[in-house]
Amino acid sequence: MNITYQFDLTPETDAIITLYENAGLNRPTKDKARIGKMYENSNLVISAWDGDLLVGIARSLSDFCHCCYLSDLAVRKDYQKEGIGKKLIYLTREKISDESMLLLLSAPAAMEYYPKVGLEKVQNGFIINRKL
């Protein structure tokens, strides 16, 4: 398996939707325009490719000097447990520098995964949930 990583390349929206659905990431995949807008408004996108197949993605919002919100991390099911997610997190961290903290909100099913790849669980946080 020869996985390559791309920086600041936004994959086609249809490829992103296919990846999200395959990975089981709960996103509004029936709303193609909204997925497109999510990427238009992100300023750090790192994608993983097996040839022409999008197999993983990390989408973040960052100021690159203080904070970064890793909003989406997805890897195709048949490519999971190959280190792709861990590498996407590492590359995100590398891009934002050591000055910046990295924050993400985990899906319940992934709560066991993130400590294994170096993220620390936090207890201090608040949220106003989206209406849609």
Side-chain angles (χ1 to χ4, degrees):
M1 184 178 320
N2 186 25
I3 304 300
T4 58
Y5 295 86
Q6 297 286 325
F7 299 89
D8 302 320
L9 164 82
T10 301
E12 295 291 325
T13 305
D14 288 332
I16 295 167
I17 289 170
T18 299
L19 171 64
Y20 283 175
E21 290 176 345
N22 178 277
L25 195 64
N26 185 17
R27 295 295 181 267
T29 56
K30 302 299 182 227
D31 188 344
K32 184 176 177 177
R34 189 170 178 189
I35 296 290
K37 190 184 276 187
M38 288 164 50
Y39 276 81
E40 286 172 21
N41 292 313
S42 299
N43 61 351
L44 178 58
V45 175
I46 303 172
S47 52
W49 299 85
D50 186 1
D52 292 334
L53 179 64
L54 178 64
V55 297
I57 202 155
R59 180 180 73 87
S60 303
L61 304 157
S62 182
D63 58 21
F64 298 95
C65 65
H66 183 70
C67 61
C68 175
Y69 172 49
L70 176 52
S71 180
D72 294 347
L73 180 69
V75 177
R76 287 181 62 91
K77 284 183 182 171
D78 47 332
Y79 284 80
Q80 291 177 2
K81 301 188 190 301
E82 300 292 331
I84 295 168
K86 184 176 183 176
K87 179 76 171 189
L88 287 166
I89 294 168
Y90 171 82
L91 292 171
T92 299
R93 184 80 177 121
E94 190 174 70
K95 283 286 187 184
I96 63 172
S97 84
D98 290 336
E99 292 180 317
S100 184
M101 67 87 159
L102 182 97
L103 175 73
L104 68 80
L105 300 175
S106 178
M111 289 295 290
E112 302 285 326
Y113 170 74
Y114 291 111
K116 294 177 186 176
V117 295
L119 279 79
E120 177 183 337
K121 187 176 180 182
V122 296
Q123 298 297 324
N124 59 328
F126 300 91
I127 187 170
I128 297 174
N129 279 307
R130 69 185 70 81
K131 292 183 180 182
L132 299 175

Charged tip of K95 within 45° of F64 ring normal and under 6.0 Å: no
May I ask you to decide if [Y]'s main-chain N or O and [X]'s side chain share a donor-acceptor pair within less than 3.5 Å?
X	Y	answer
R76	Q80	no
N22	K77	yes
R93	L88	no

Closest non-hydrogen atom pair, C68 against T92: SG-CG2, 4.3 Å
Within-4.5 Å side-chain heavy-atom neighbours: [X] and [Y]:
X	Y	value
R34	R27	no
I84	I3	yes
L104	S71	no

I'd like to know if [Y] and [X] are part of one continuous hydrophobic network [Ile/Leu/Val/Met/Phe/Trp/Tyr, side-chain heavy atoms within less than 4.5 Å].
X	Y	answer
L25	V55	no
L61	I89	no
L105	L119	no
Y69	V117	no

Value rounded to 0.5 Å, distance of CD in E94 from NZ in K87: 7.5 Å
Between CG on residue L91 and NZ on residue K86, distance to nearest 0.5 Å: 12.5 Å
Name of the residue among L73, L103, L70, I96 meeting side-chain contact (heavy atoms from CB on, under 4.5 Å) with S60: L70
Could you give the side-chain donor-acceptor pairs of residues 39-51 under 3.5 Å, partners two or more places apart or in another chain?
residue: Y39; atom: OH; partner: Y20; partner atom: OH; Å: 2.7
residue: N41; atom: ND2; partner: K37; partner atom: O; Å: 3.1
residue: S42; atom: OG; partner: M38; partner atom: O; Å: 2.7
residue: S42; atom: OG; partner: R59; partner atom: NH1; Å: 2.7
residue: N43; atom: OD1; partner: S62; partner atom: N; Å: 2.9
residue: N43; atom: ND2; partner: S62; partner atom: O; Å: 2.5
residue: S47; atom: OG; partner: W49; partner atom: NE1; Å: 2.7
residue: D50; atom: OD2; partner: Y79; partner atom: OH; Å: 2.5

CA sep, side-chain torsions, deciding dist, call: L54, T18, side-chain contact (heavy atoms from CB on, under 4.5 Å): CA-CA 9 Å; L54 178 64; T18 299; over 6 Å; no
Residue pair H66, S100: steps toward the side-chain contact (heavy atoms from CB on, under 4.5 Å) verdict: CA-CA 4 Å; H66 183 70; S100 184; 5.6 Å; no
